[in-house]
Amino acid sequence: MSKELQGVNPILPTPFTEQGEVDVASLIKLMEFQKQVGVNGVAILGFMGEAHKLSESERDVVVKTVVEHKGDLDVWVGVRALGTAGSIEQAKRAEGYGASAVFVAPITPQSDAALYAHYKQVAEAISIPVIIHDFPESFGIVISSEVIAKLAIDGYTPYIKLEEQPALEKLSKILKLSDNKIKAFGGLGGKYFFEELERGAAGIMTGLSYPEILVKIYQQFTNGEGDAAAATFDKYASFIRYEFQPKIGLAYRKYIFMKRGIFTSNYIRQPGLQLDDYTSAELERVLKRSGLDFSEGVQEV
């Protein structure tokens, strides 16, 4: 591992053309935007990246494009398969293309022993870090704090993206059980980002369409300006809450990136919801209340 993972690592949506093909040009533009914003890294091929709707060849295109344009950013690649063998294959391909780390979904059955073995085997198959993706609401599997801590203490998984609610309590518990051998990143749209930092999180990995907000909160907090970080978080909490809506959050993010001139289309592969006219106008009202708009380039927040 060349450097320790930390800070703000937005999960990127995969842009498509109006014909539903992977839009490489828009993906490159999205990467340039993330670098301008000042994020620490990017995460690709998660739920927001519609990874489950991509072919293997399309996955390869996304990974190669992002790695080729990453600059100094870390690149986390999502891994999700029906079994450990498939997960190892995806992880190896990501490592081969130059990924910095992989964030790995659990597999069935619901068993501490099976989950421990799964993450151990993936970690042993590659040389880049394995990040546990803990999101029972989407995966249907609960990874216990005890298993997470043991995997970290045993040296297999030094990081976790923690999205099991109540996330704040679990964050504190795994840090204590692991003797801080694991570094935790929040998610859940950033809804608890400030509190996660207060509890010792190393950063965040989530898909907010204005990553400028997350970068400012993180910089203020790590510079010892806790009150300022809290004020920035509170200023945008309403927008963060609005954008992170189950099932339709991706539509908000793609629409915003299109309106900001980064994507050429807000196309979402099926199944997926799109915004109706009222909801689009409602989004603009929420943005206006927060002092945001659809201007191109990095916004002052």
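All figures in this text were calculated on a predicted structure; none of them were measured in a lab. Just so it is clear, the values below take in all heavy atoms, side chains as well, and ignore hydrogens, waters and symmetry mates.
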In terms of heavy-atom contacts, G190 and I204 come closest through CA-CD1, 3.6 Å
May I have the step-by-step check of side-chain contact (heavy atoms from CB on, under 4.5 Å) for F103 and V77, ending in yes or no? CA-CA 6 Å; F103 58 103; V77 177; 5.6 Å; no
Taking the cut-offs as 6.0 angstrom to the six-membered ring centre and 45 degrees off its axis, would you call R199 and F221 a cation-pi pair? no
For the pair K181 (side chain) and D154 (backbone), establish whether a donor and an acceptor sit closer than 3.5 Å, ignoring hydrogens and angles. no
Would you check, one step at a time, whether the test side-chain contact (heavy atoms from CB on, under 4.5 Å) holds for V122 with H118? CA-CA 6 Å; V122 175; H118 171 62; 4.1 Å; yes
Are the side chain of E124 and the backbone of Q121 linked by a donor-acceptor contact shorter than 3.5 Å? no
Roughly how far, to the nearest 0.5 Å, is CG of L168 from CD of E195? 6.0 Å
Can you list the steps and then say if I153 with D179 is a side-chain contact (heavy atoms from CB on, under 4.5 Å)? CA-CA 8 Å; I153 291 169; D179 194 23; 5.6 Å; no
In the structure I gave you, are the side-chain heavy atoms of K150 and V147 within less than 4.5 Å of one another anywhere? no
Under 4.5 Å between any side-chain heavy atoms of V75 and V42, yes or no? yes
Shortest non-hydrogen contact from R241 toward S238: NH2-OG, 3.0 Å
For K92, I'd like to know if atom NZ has over 12 heavy atoms of other residues, nucleotides or ligands within 6.0 Å. no
Mark yes or no for whether H133, through its side chain, and V102, through its backbone, hold a donor-acceptor pair below 3.5 Å. no
Just verifying a value: how many Å separate I160 CD1 and L171 CG, rounded to the nearest 0.5 Å? 8.5 Å
With a 3.5 Å distance limit and no angle check, can you tell me whether Q6 reaches the backbone of A202 through a side-chain donor-acceptor pair? no
Would you call the rings of F47 and F135 parallel, tilted or perpendicular, taking 30° and 60° as the class edges? perpendicular
Quick test of your reading of the model: are R260 and E212 salt-bridged, counting only N-O distances below 4.0 Å? yes
If you count heavy atoms of other groups shown closer than 6.0 angstrom to CG of D276, is the number above 12? yes
Is it possible for you to say whether F244 and F185 belong to one hydrophobic cluster, with membership spreading through side-chain heavy-atom contacts below 4.5 Å? no
Scanning both residues in full, the closest heavy-atom pair of S100 with P129 reads O-CD, 3.2 Å
Show, in sequence, the C-alpha distance, side-chain angles and deciding distance for E56 and R59, and conclude whether the side-chain contact (heavy atoms from CB on, under 4.5 Å) test is met. CA-CA 5 Å; E56 284 302 314; R59 284 179 58 95; 3.7 Å; yes
So do Y236 and L208 actually touch side chain to side chain, heavy atoms under 4.5 Å? no
Per the side-chain hydrogen bond (donor to acceptor under 3.5 Å, both in side chains) rule, which among K216, E225, Q220 passes with T232? Q220
For L273 and I268, the nearest pair of non-hydrogen atoms, with its separation, is O-CD1, 3.4 Å
Heavy atoms, side chains only, cut-off 4.5 Å: are I141 and T108 in contact? yes
Any chain of hydrophobic side-chain contacts (each under 4.5 Å) joining I131 to Y97? no
Taking only Lys NZ, Arg NE, NH1 and NH2, and the carboxylate oxygens of Asp or Glu, determine whether K191 and E196 approach each other closer than 4.0 Å. no
So do the side chains of Y267 and T17 get within less than 4.5 Å of each other, counting heavy atoms only? no
Would you say F193 and T206 make side-chain contact, with heavy atoms under 4.5 Å? no
With a 3.5 Å cut-off and no angle check, do the side chains of S265 and E18 form a donor-acceptor pair? yes
Presence of salt bridge, E164 and K170, under 4.0 angstrom: yes
Where the side chain of K161 meets the backbone of V104, is there a donor-acceptor pair that is under 3.5 Å apart? no
Please give me the minimum heavy-atom distance between P158 and V130, naming the atom from each residue. CD-O, 3.6 Å
Is a donor on one side and an acceptor on the other found under 3.5 Å between the side chain of Q299 and the backbone of D293? yes
Carefully, step by step, assess Q165 and Y192 under the rule side chain to side chain donor-acceptor pair (under 3.5 Å). CA-CA 11 Å; Q165 302 192 64; Y192 312 108; 3.3 Å; yes
Do any N or O atoms from the side chain of N40 and from the backbone of N9 form a donor-acceptor pair under 3.5 angstrom? no
In terms of heavy-atom contacts, I182 and L175 come closest through O-CD2, 3.4 Å
Hey, do the aromatic rings of Y210 and F239 have their centres closer than 6.0 Å? yes
Among the clusters formed by ILVMFWY side chains lying less than 4.5 Å apart, do M205 and V63 turn up in the same one? no
T264 OG1 to K29 NZ distance, which is reported to the nearest 0.5 Å: 9.5 Å
Can you tell if the side chain of L5 reaches within under 4.5 Å of the side chain of K183, non-hydrogen atoms only? no
Between I217 and L197, is any pair of side-chain heavy atoms under 4.5 Å apart? yes
For the pair E32 and K35, find out whether any cationic side-chain nitrogen is under 4.0 Å from an anionic carboxylate oxygen. yes
D227 atom CG: more than 12 heavy-atom contacts under 6.0 Å: no
Is K259 reaching over with its side chain to a backbone N or O of F294, donor-acceptor style, under 3.5 angstrom? no
In this structure, CD1 of I256 is separated from CG of L287 (nearest 0.5 Å) by 5.0 Å
Quick one: OG on S87 to OH on Y119, what's the gap to the nearest 0.5 Å? 8.0 Å
Donor-acceptor pair, side chain of E243 and main chain of R253, under 3.5 angstrom: no
Look up atom CZ in F233 and atom CG in L214, then write down how far apart they are to the nearest 0.5 Å. 9.5 Å
Using a cut-off of 6.0 Å, state whether more than 12 heavy atoms not belonging to D72 lie near its atom CG. no
In one Ile/Leu/Val/Met/Phe/Trp/Tyr side-chain cluster, 4.5 Å: V66, L54: yes
Between R269 (side chain) and G20 (backbone), is there a donor-acceptor pair under 3.5 Å? yes
For ring pair (Phe, Tyr, Trp, His ring centres under 6.0 Å), just list the numbers for Y159 and W76, CA-CA rounded to whole Å, side-chain angles, deciding distance to a tenth of an Å, and then say yes or no. CA-CA 12 Å; Y159 303 101; W76 306 10; 7.1 Å; no
Hey, quick one: are L73 and V215 part of the same hydrophobic cluster, counting side-chain heavy atoms closer than 4.5 Å, chains of contacts allowed? yes
No-hydrogen, no-angle side-chain donor-acceptor test under 3.5 Å, Y242 and Y252: yes
